[in-house]
Peer 1: 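Before I ask anything, let me first share the structure, which is written out below as structure tokens.
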There are 2 protein chains.
Amino acid sequence: MRKLPAKLASQLYGAAELIAERGLDGTKIEDIAEATGIPKATIYYHLDGKNAVLEFLLGDLLDMIAGAVGVAVASEENARTRLEAAVQAQLGVMLEHPSLCRALVGDLGRATRLLELAAALRTAFYEPIEQLLAEGVSDGSLRQVADPGAVALSVFGAITLAGLSAAVEGPSADPSADAARFSAAVSELVLDGLATPGSRDQRRSEPL
Amino acid sequence: MRKLPAKLASQLYGAAELIAERGLDGTKIEDIAEATGIPKATIYYHLDGKNAVLEFLLGDLLDMIAGAVGVAVASEENARTRLEAAVQAQLGVMLEHPSLCRALVGDLGRATRLLELAAALRTAFYEPIEQLLAEGVSDGSLRQVADPGAVALSVFGAITLAGLSAAVEGPSADPSADAARFSAAVSELVLDGLATPGSRDQRRSEPL
DNA sequence: ATCGTAGTTGTACTTCCAGTACAAACCATG
DNA sequence: CATGGTTTGTACTGGAAGTACAACTACGAT
């Protein structure tokens, strides 16, 4: 499995729609061959099999997201603003590639062993976000939280499920508008929380 | 596919571990038969195939979560407290059944068509949470948000990814302690947000 | 211009496994 | 003990993933 030539890579995207629709299971290699225009033999020459198609797509999406988030996180703004930008960046990429997202939720396990995925996500997300949290504490734009790792994870979850749901509900006419709408909602939640100031004290009321 | 006898149902759980480990792909029906002690022919007598095994497990997990969340949401407390309870309820169930969770993320698409899943989740989660949000506004314990649907979704995402990650990272010695730890982190995020009061004004600084 | 290397593709083949068929046992319950 | 649902072993079928391989192309190096 050397590094796939660019032309083939771009053709492979034609498979995403298909897989998103029918699932990897319901998609024969021959179907993929037909849809992408890459003959089966060629696919097997470059890729290690059906799952590798998905692996490739997953890797690509992850790269895109990581790239966009990386840019968002690297600006000069305060941490809070950069966090907002990161939210928007991830949602932007996801909504631009809804079928990729759909294909992947359905067959994640075919694309990667879950542990590898977790590791990849860790470097692509938690670490940036965790660092952002730390920087936010320094620059005073974000609160200190008890468990930054878990919080970073939850933030990622909030963004991701919003994006996924948008991808699963039919594709929208204006992805970037959707992205903006969802970003606003997610940012509102993640930054300001849901509690009213008044209720804030009775926090540790129940014993657990 | 009539209604599976209880004994078989319980035996089927033995398959979750297996599927979690190897993925549904890497798990032959014969493996499942061996692991559960249910002979292949019997499996096919009751279930419509390999995917149906997963469907059954998914349905069950969903029911457990929906049940627990339902109870949490139904108490007499204010909405804010009930939201916290809901978080803890979902995480509790997930961490009690880590291999079920792992099996499912990996092969979601095999268990359900994604749209059906979305629909099931909608009734099991967004609706309760959305209602909670509304009630919180009434009883003054939660803020009014612009897009309750999207926010409910994000809350669900935050909880779910936290739980999933816990399930994927090896199983813990004390699931309920983990649940408590994650609940605290998620609740902190979801209720209080990350922003400092000071940074709250410069909100809509960037365009779009 | 030719040789070697890497990629491309069609075709035919093998392998493996999900799912099926079916018959024989196994229970209940009347 | 007869009937009807269940249980299970065994043997079989079908279909799709992946492999083998040979013919062909493109092209850079010598």
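Source: prediction; values computed, not measured. These numbers come from the heavy atoms of this one structure, side chains and all, not from hydrogens, waters or symmetry mates. Numbered from 1 within each chain, the chains take letters A, B, ... in sequence-line order.
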Peer 1: CG of B/L47 versus C1' of D/dT6: gap in Å, rounded?
Peer 2: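 The distance from CG of B/L47 to C1' of D/dT6 comes to 15 Å, rounded to the nearest Å.
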
Peer 1: Taking the minimum atom-to-atom distance to the side chain of B/H46, which one of D/dT7, C/dT8, D/dG9 wins?
Peer 2: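 So the side chain of B/H46 is nearest to D/dT7.
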
Peer 1: Report the distance from atom CZ of B/R22 to atom P of C/dC17, rounded to the nearest whole Å.
Peer 2: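 Atom CZ in B/R22 sits about 11 Å away from atom P in C/dC17.
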
Peer 1: Would you mind telling me which of D/dT6, D/dA17, C/dT9 lies closest to the side-chain atoms of B/Y45?
Peer 2: D/dT6

Peer 1: Among D/dA17, C/dT8, D/dT8, find the nucleotide with the atom closest to the side chain of A/I29.
Peer 2: D/dA17

Peer 1: Looking at the side chain of B/Y44, which of D/dT8, D/dA17, C/dA18 is the nearest nucleotide?
Peer 2: C/dA18

Peer 1: Crowded around A/Q11 CD? As in, over 12 foreign heavy atoms under 6.0 Å?
Peer 2: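 Enclosed.
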
Peer 1: Indicate whether any N or O donor in one side chain lies under 3.5 Å from an N or O acceptor in the other, for B/S183 and B/E84.
Peer 2: no

Peer 1: Report the nucleotide, chosen from C/dG10, D/dA17, D/dT8, that has the shortest atom-to-atom distance to any side-chain atom of B/T42.
Peer 2: D/dT8

Peer 1: Is it true that B/E135 and B/Q131 share a donor-acceptor pair across their side chains at a distance under 3.5 Å?
Peer 2: yes

Peer 1: Within the side chain of B/Q144, is there an N or O that forms a donor-acceptor pair under 3.5 Å with the backbone of B/V137?
Peer 2: no

Peer 1: Take atom CD1 of B/I32 and atom P of C/dA18, then tell me their distance rounded to the nearest Å.
Peer 2: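 Taking CD1 of B/I32 and P of C/dA18, I get 8 Å after rounding.
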
Peer 1: Whole angstrom is fine here: how far is it from CG in B/L4 over to P in D/dT6?
Peer 2: 11 Å

Peer 1: Could you state the CD1-C1' distance from B/I43 to C/dC17, rounded to the nearest angstrom?
Peer 2: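 Roughly 14 Å, once rounded to whole Å.
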
Peer 1: Can you check the A/D25 CG to D/dA16 P distance for me, whole Å?
Peer 2: 11 Å

Peer 1: Among C/dT9, D/dA17, C/dG19, which nucleotide sits nearest the side chain of A/P39?
Peer 2: C/dT9

Peer 1: Only one of A/V186, A/V190, A/L191, A/V69 passes side chain to side chain contact (heavy atoms under 4.5 Å, CB included) with A/V87; say which it is.
Peer 2: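 Exactly one pass, corresponding to A/V186.
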
Peer 1: Assign each of A/A41 and A/E30 to its nearest nucleotide of DNA chain D by heavy atoms, then name whichever residue's nucleotide is nearer the 5' end.
Peer 2: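 This one resolves to A/E30.
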
Peer 1: What is the distance, rounded to the nearest whole Å, between atom CG of B/L8 and atom C1' of D/dT8?
Peer 2: 12 Å

Peer 1: Considering only heavy atoms and no angle criterion, is a donor-acceptor pair shorter than 3.5 Å present between the side chain of A/K40 and the base of C/dG10?
Peer 2: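 In this structure, the two groups form no donor-acceptor pair.
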
Peer 1: Would you mind reading off the distance between B/I38 atom CD1 and D/dT7 atom P, rounded to a whole angstrom?
Peer 2: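 Interatomic distance, CD1 of B/I38 to P of D/dT7: 9 Å.
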
